[in-house]
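To keep things clear, I will list the structure first and then write my remarks on it.
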Amino acid sequence: MKNILVVGAGGQIGIELIPHLQKLYGEDHVIAADIKDEMCEKLKSMAITEQFDALDVKAYSQVVKKYQIDSIYNLVALLSATGEKNPQLAWQVNIGALLNSLELAKEYSCALFTPSSIGAFGLDTPHQNTPQDTIMRPGTIYGVCKVTGELLSDYYYARFGVDTRSVRFPGIISNGALPGGGTTDYAVEIFYEAIKNKHFTCPLPADSYLDMLYMPDALNACTQLMEADPAKLKHRNSFNVTAMSFCPADLYADIKKRMPEFTMDYQINPIMKEIAASWPDSMDDSCARQEWGWNPVWDRQMMVDDMLRAISAKMSAL
Ligand code: SER
């Protein structure tokens, strides 16, 4: 049985990836790690938890040794909008955690998953049906880190045989932990605001199309790729994955249909608008489908129904 370490486990993906991994590999085989006290408190009620800074390679390596880790999910990241507020910090955190993860994976023969993103693409990339292999010249520090991550991960595989794999996540919609500082976050916040206040002020233009995934599909993407037969992988870092593409106006109409009293207005955040305009409208994920059987289940209407149901239940339990 595998021993798995999730670093940055207190974030939007980690908090749901932990129970998903526990179901697959058993509770004794999944270690959650985060730097923040409040995240670790939350994680302790769910999993074996270790607190350390992923930039501290000594502390990180001690945990890898202690639990004889053979698979690492490196989820440490400052997202796109936050990154633009402090680009130097974004580089330090995103690349620092990546380099330590790669070095430890090399030293202790671990497989390594580090998510990439639609943020790895830029204005010059074809925006419709964005190919797997295409121009990647991102305009954000987050994207620069993600392209660097893809290149370094492929380099460690080619040069040292480290089993690195990753996907380019689009916006991820979920109802566990909130995302923070991303350009796609509106697609989560809108549901909380719809239920709490029946009103949402959207930071992106009405026609800003972006790819999205519902969390259960995102979790399957991680574990399906990590379990895939390596002989079938022509790509490694990183695969386009998507399940839906929509804009704020679409999502507004979907919620309004189910909740007629819901209203939305716009207060455009110029940085987010520019970031969203530079990202794909819809990606071609056929390589992921062919090479490791990617096949998302959740479409937009199913996702909207489930988000409204789950968040209403969460709010009424408060
Ligand atoms: N959700 C991320 C962001 O908006 C994209 O990977 O920054």
Side-chain angles (χ1 to χ4, degrees), residues 2-18 21 28-80 82-117 119 141-142 144-157 159-166 177 179-182 222 226 237:
K2 282 185 181 134
N3 291 327
I4 301 173
L5 173 63
V6 181
V7 189
Q12 185 199 8
I13 301 176
I15 216 83
E16 299 200 43
L17 184 61
I18 293 291
L21 291 170
D28 296 343
H29 296 274
V30 180
I31 317 303
D34 206 281
I35 185 174
K36 291 193 187 135
D37 293 343
E38 71 269 22
M39 301 293 189
C40 288
E41 277 314 308
K42 206 154 141 196
L43 289 165
K44 267 184 206 155
S45 64
M46 303 165 59
I48 305 166
T49 300
E50 291 281 346
Q51 184 168 11
F52 65 88
D53 179 355
L55 303 189
D56 177 351
V57 74
K58 218 166 151 196
Y60 193 164
S61 74
Q62 272 161 5
V63 172
V64 171
K65 272 189 284 187
K66 177 174 169 187
Y67 296 97
Q68 299 178 313
I69 295 299
D70 32 42
S71 216
I72 300 172
Y73 287 77
N74 165 34
L75 305 181
V76 175
L78 253 65
L79 296 188
S80 57
T82 310
E84 290 315 294
K85 288 190 194 135
N86 193 343
Q88 210 184 352
L89 181 69
W91 175 267
Q92 274 164 10
V93 170
N94 296 1
I95 298 300
L98 171 75
L99 278 173
N100 285 346
S101 302
L102 284 165
E103 273 302 303
L104 293 174
K106 176 175 147 223
E107 193 174 338
Y108 296 99
S109 304
C110 303
L112 175 62
F113 178 90
T114 306
S116 184
S117 159
I141 189 68
Y142 176 70
V144 171
C145 292
K146 289 302 183 192
V147 175
T148 307
E150 292 192 13
L151 294 173
L152 274 174
S153 299
D154 271 348
Y155 173 75
Y156 268 70
Y157 170 66
R159 177 85 170 79
F160 307 116
V162 179
D163 187 1
T164 54
R165 306 180 187 195
S166 107
C222 301
M226 292 310 273
N237 301 284

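Contact of the Leu79 side chain with the Ser117 side chain is not registered, since no non-hydrogen atoms from C-beta on lie closer than 4.5 Å. Between Val57 and Glu103 the shortest side-chain heavy-atom distance does not fall below 4.5 Å. The shortest side-chain heavy-atom distance between Ile15 and Leu43 falls under the 4.5 Å cut-off. Looking only at side-chain heavy atoms (C-beta outward), Met226 and Arg165 come within less than 4.5 Å of each other. A heavy-atom distance below 4.5 Å is not found between the side chains of His29 and Ile4. The shortest distance between side-chain heavy atoms of Thr148 and Trp91 falls below 4.5 Å. Between Asn94 and Leu78, some side-chain heavy-atom pair lies under the 4.5 Å cut-off. At a threshold of 4.5 Å between non-hydrogen side-chain atoms, the residues Leu21 and Tyr73 count as touching.
A distance of 12.0 Å separates CD in Gln12 from CG in Leu17, rounded to the nearest 0.5 Å. We find the OG-CG distance between Ser71 and Leu112 to be 8.5 Å, quoted to the nearest 0.5 Å. Annotation: the span from Tyr67 atom OH to Asp28 atom CG amounts to 11.0 Å, rounded to 0.5 Å. How far OG1 of Thr164 is from NZ of Lys106: 13.0 Å, rounded to the nearest 0.5 Å. Here the CG atom belonging to Asp56 is positioned 8.5 Å from the OG atom belonging to Ser61, to the nearest 0.5 angstrom. Remark: Ile31 CD1 to Ile48 CD1 distance equals 4.0 Å, nearest 0.5 Å.
When every heavy atom of Ala54 is checked against every heavy atom of Asn100, the shortest pair comes out as O-ND2, 2.8 Å. For Glu84 against Tyr142, the heavy-atom pair with the smallest separation is OE2-N, 4.4 Å. For the residue pair Thr82 and Gly180, the shortest heavy atom distance occurs at OG1-O, 4.2 Å. Nearest approach of Gln68 to Asn3, heavy atoms of both residues: O-ND2, 3.2 Å. In terms of heavy atoms, Gln92 sits closest to Leu55 at O-CD2, 3.7 Å. Nearest heavy atom pair, residue Ala177 against residue Gly10, reads CB-O, 4.4 Å.
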Step by step, work out the side chain to side chain contact (heavy atoms under 4.5 Å, CB included) result for Leu98 and Cys145.
CA-CA 9 Å; Leu98 171 75; Cys145 292; over 6 Å; no
Are Val63 and Phe52 close enough, and set up right, to give a side chain to side chain contact (heavy atoms under 4.5 Å, CB included), and what steps lead you there?
CA-CA 9 Å; Val63 172; Phe52 65 88; 3.7 Å; yes
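Remark: the backbone N or O of Met39 is not paired with any side-chain donor or acceptor of Asp34 at under 3.5 angstrom. Looking only at distances, a side-chain donor or acceptor of Gln51 sits under 3.5 Å from a matching main-chain atom of Ile35. At least one donor-acceptor pair closer than 3.5 Å links the side chain of Lys146 to the backbone N or O of Pro115. Between the Asp154 side chain and the Asn237 main chain, a donor and an acceptor come within less than 3.5 Å of each other. Side-chain atoms of Ser153 never come within 3.5 Å of backbone atoms of Glu150 as a donor-acceptor pair (strictly under, hydrogens ignored). Side-chain N or O atoms of Ser166 include one that pairs as donor or acceptor with a backbone N or O of Thr114 at under 3.5 Å.
A donor atom on one side chain and an acceptor atom on the other are found under 3.5 Å apart for Tyr60 and Ser101.
Summarising the local packing, CD of Gln88 is surrounded by 12 or fewer heavy atoms from other residues, nucleotides or ligands at distances under 6.0 Å.
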